[in-house]
There are 2 protein chains.
Amino acid sequence: MKNISKEDYLSAIYKLRDEAGEIKPNLIAENLEISAAAVTDMLKKLNKDGYVRYQKYKGIKLTPKGEKYAISMIRKHRLWETFLFETLGMPWEKIHNEAEKLEHSSSDELVDKLEEFLNFPEFDPHGYPIPDKAGNIPKQKQVIALSDMNKNEKGKISRISDFKSELLVYTKRQGLNIGEKIFIKDKLEFDGSVVININNKEVSLSKKIASNIFIEKD
Amino acid sequence: MKNISKEDYLSAIYKLRDEAGEIKPNLIAENLEISAAAVTDMLKKLNKDGYVRYQKYKGIKLTPKGEKYAISMIRKHRLWETFLFETLGMPWEKIHNEAEKLEHSSSDELVDKLEEFLNFPEFDPHGYPIPDKAGNIPKQKQVIALSDMNKNEKGKISRISDFKSELLVYTKRQGLNIGEKIFIKDKLEFDGSVVININNKEVSLSKKIASNIFIEKD
DNA sequence: TTTAATTTTTAAGTTTACTTAAATTTATAA
DNA sequence: TTATAAATTTAAGTAAACTTAAAAATTAAA
């Protein structure tokens, strides 16, 4: 058994709405690596407990209570990531999984102290905004997936998806770091892959990879 | 359900042997606040998995594998306590429970980095020694429970049991801090309570409380 | 040393969060 | 529009870690 908690479901739902734009049982199941049936079960409970509004076959929506909960988990996650990376110097591709565990094991009081110690950071090491104590999320400049940009456009890397450590290892090896300036040299219609210039180097990225890198356009 | 893990059982067993001097199912149950029947169940499993040597009605003993595991959990616990107290400034009576959760959610790699960040502390805020990476435990000067000392003896406080936050709040309010010098002014035969001098103040402590305060004798 | 009290174990049952397989509903395509 | 495919839900069952109550073993006391 995987024993995934209420918190994980709520975070997953929040992130799906935020990043994929839609919330479906199958997507939740995929995200949490459990069966769709398990998701149905839990949705019923979350509905009963007032964390989501759920009508079978129809829709899934976080209630204010559920959203508050989700944001507080995301806050914990991103603060821990920041601590692990900035303070302890852990490798950037490992902090996501480690923070995933810590976020369930720390009180609000602890996390507030941690935030203070870190001097109230606004973004985590992968470029995600960190909600403050009240749940407000720092505004990020308009960002767009690298895969949605066109030839000759330019900008700088502001976020890289953190859910697959393999991706983070890869992007790091290619020199794709947060803050780095990029220029789109070419985009192949054939498979959607892009060729970019970064640090005077030319790097080619598949569409899938490019869709996980977010750019702040000039 | 409380869902206590293998780790908790092993730590509890280790500490019982270390502090109470004997390991009995009932003591484990009391420590973890679960039924004795649950303990029997788990002992069978720990035996099967090679963490303890267990013969029913007869005895419970950690195997080297179990001991190694327990020490690693204790190391995590005490390093987290040190971090929470020293680095984040959390109240001293709260860090035990918080560390209790964190210890299950951190990899060895993380804890090694944490230890380095904390500059390899040897004792935690309650005066317990912190095992190093290899499992070696810093030698503490000979300590004795305050309840076992006699009139006119003196020494300094080197450890206070951390399992009841109520006790920690109490001792702190009485000015009983690690490192403080004490002198036993009187000991009542009636109920075993002791009267001590600390910081030019006179404090009276019940036998039960005194048995949780450990002194390094002069 | 026999009885009584205590401790430990066994037995039976509960809860939670899953699983797979079958049934149902919704979406897509001929 | 109807058939087929895909997504979702229901049903039935499992595993882990508990619970209480009863039974068995050990320890303490008369």
Side-chain angles (χ1 to χ4, degrees), chain A residues 1-17 19-62 66 69-70 73 100-101 103-105, chain B residues 1-17 19-62 66 69-70 73 100-101 103-105:
Chain A
M1 215 190 307
K2 296 211 62 196
N3 239 70
I4 282 162
S5 66
K6 180 178 78 183
E7 282 114 17
D8 294 301
Y9 283 88
L10 294 175
S11 298
I13 291 169
Y14 184 93
K15 280 192 230 155
L16 280 173
R17 192 199 54 188
E19 291 170 33
E22 51 173 8
I23 311 169
K24 292 182 169 188
N26 253 354
L27 292 174
I28 299 173
E30 202 180 310
N31 234 268
L32 301 176
E33 298 181 292
I34 52 175
S35 71
V39 173
T40 305
D41 269 12
M42 183 58 89
L43 285 174
K44 284 180 189 164
K45 186 175 314 170
L46 291 174
N47 184 68
K48 185 169 70 64
D49 296 348
Y51 292 99
V52 303
R53 184 70 44 82
Y54 163 62
Q55 294 163 285
K56 57 187 185 176
Y57 294 113
K58 296 303 180 198
I60 301 163
K61 206 169 151 334
L62 285 173
Y69 211 113
M73 294 313 294
E100 194 95 300
K101 294 179 286 170
E103 69 188 76
H104 299 299
S105 312
Chain B
M1 217 189 307
K2 294 211 64 192
N3 239 69
I4 282 161
S5 66
K6 180 178 78 182
E7 283 114 13
D8 293 301
Y9 282 88
L10 295 175
S11 298
I13 291 169
Y14 184 94
K15 280 193 231 155
L16 280 173
R17 192 198 53 188
E19 291 172 33
E22 52 173 7
I23 311 170
K24 292 183 169 186
N26 253 356
L27 293 174
I28 300 172
E30 201 180 313
N31 235 269
L32 301 176
E33 298 182 291
I34 53 175
S35 70
V39 173
T40 305
D41 270 10
M42 182 58 88
L43 284 173
K44 284 181 188 163
K45 186 176 314 168
L46 291 174
N47 183 68
K48 185 169 70 64
D49 296 348
Y51 292 100
V52 303
R53 183 73 43 83
Y54 163 64
Q55 293 163 285
K56 57 185 183 177
Y57 294 111
K58 297 302 180 201
I60 302 163
K61 207 168 153 328
L62 285 173
Y69 212 113
M73 294 312 296
E100 195 95 300
K101 295 178 285 172
E103 69 188 75
H104 299 299
S105 312

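Just the heavy atoms: all of them, side chains too, but no hydrogens, waters or symmetry mates, feed the values below. We name chains A, B, ... by the order of the sequence lines, and we start the count at 1 in each one.
- Considering every non-hydrogen atom in both B:P25 and B:I60, the closest pair reads CD-CD1, 3.6 Å.
- For the pair B:E7 CD and D:dA17 C1', the interatomic distance rounds to 14 Å; values are reported in whole Å.
- Remark: P of C:dT19 and CG of A:L32 are 10 Å apart, rounded to the nearest angstrom.
- Phosphate proximity of D:dT10 to A:K44: present, with a side-chain N or O under 4.0 Å from OP1 or OP2.
- The CD atom of B:E22 sits 17 Å away from the P atom of D:dT26 (whole-angstrom rounding).
- Taking only side-chain nitrogens and oxygens, A:N26 never comes nearer than 4.0 Å to OP1 or OP2 of D:dA6.
- Here B:K56 reaches the OP1 or OP2 of C:dT10: one of its side-chain N or O atoms lies under 4.0 Å away.
- Of the candidates C:dT9, D:dT9, C:dC18, the closest approach to any side-chain atom of A:D41 belongs to C:dC18.
- Look at A:K58 and you'll find a side-chain N or O under 4.0 angstrom from OP1 or OP2 of C:dT26.
- Taking 4.5 Å as the limit, some side-chain heavy atom of A:Y51 sits within range of a side-chain heavy atom of A:L10.
- The distance from atom CD1 of A:I4 to atom C1' of C:dC18 is 9 Å, rounded to the nearest whole Å.
- The shortest distance between the side-chain N/O atoms of B:T40 and the OP1/OP2 oxygens of C:dT8 is not below 4.0 Å.
- Contact check, A:Y54 against D:dT9: a side-chain N or O comes under 4.0 Å of OP1 or OP2.
- The side chain of B:A38 approaches D:dT19 more closely than any other nucleotide in the set D:dT8, C:dA17, D:dT19.
- Comparing D:dT9, C:dC18, D:dT20 against the side chain of A:Y9 picks out C:dC18 as the nearest.
- Contact check for A:H104 versus A:D8: side-chain heavy atoms found under the 4.5 Å cut-off.
- Atom CG in B:D8 sits about 18 Å away from atom P in D:dA16, given to the nearest Å.
- In this structure, of C:dT24, D:dA17, C:dA21, it is C:dT24 that holds the atom nearest to the side chain of A:Y57.
- D:dA15 atom C1' lies 9 Å from atom NZ of B:K45, rounded to whole Å.
- Side-chain N/O atoms of A:S35 include none lying less than 4.0 angstrom from OP1 or OP2 on C:dC18.
- Rounding to whole angstrom units, CG of residue A:L27 and C1' of D:dA6 are separated by 13 Å.
- Counting only heavy atoms from C-beta outward, the side chains of A:L46 and A:K6 approach each other to under 4.5 Å.
- Taking every side-chain heavy atom of A:I34 into account, C:dC18 is the closest of C:dT9, D:dA17, C:dC18.
- Within the 4.5 Å cutoff, side-chain heavy atoms of B:K24 are placed close to those of B:L27.
- In this structure, B:K101 places its NZ atom where more than 12 heavy-atom neighbours from other residues, nucleotides or ligands lie under 6.0 Å away.
- For D:dA17, the OP1/OP2 oxygens have no side-chain nitrogen or oxygen of B:K6 closer than 4.0 Å.
- Here the P atom of nucleotide D:dA7 and the CD atom of A:E30 are 10 Å apart, to the nearest Å.
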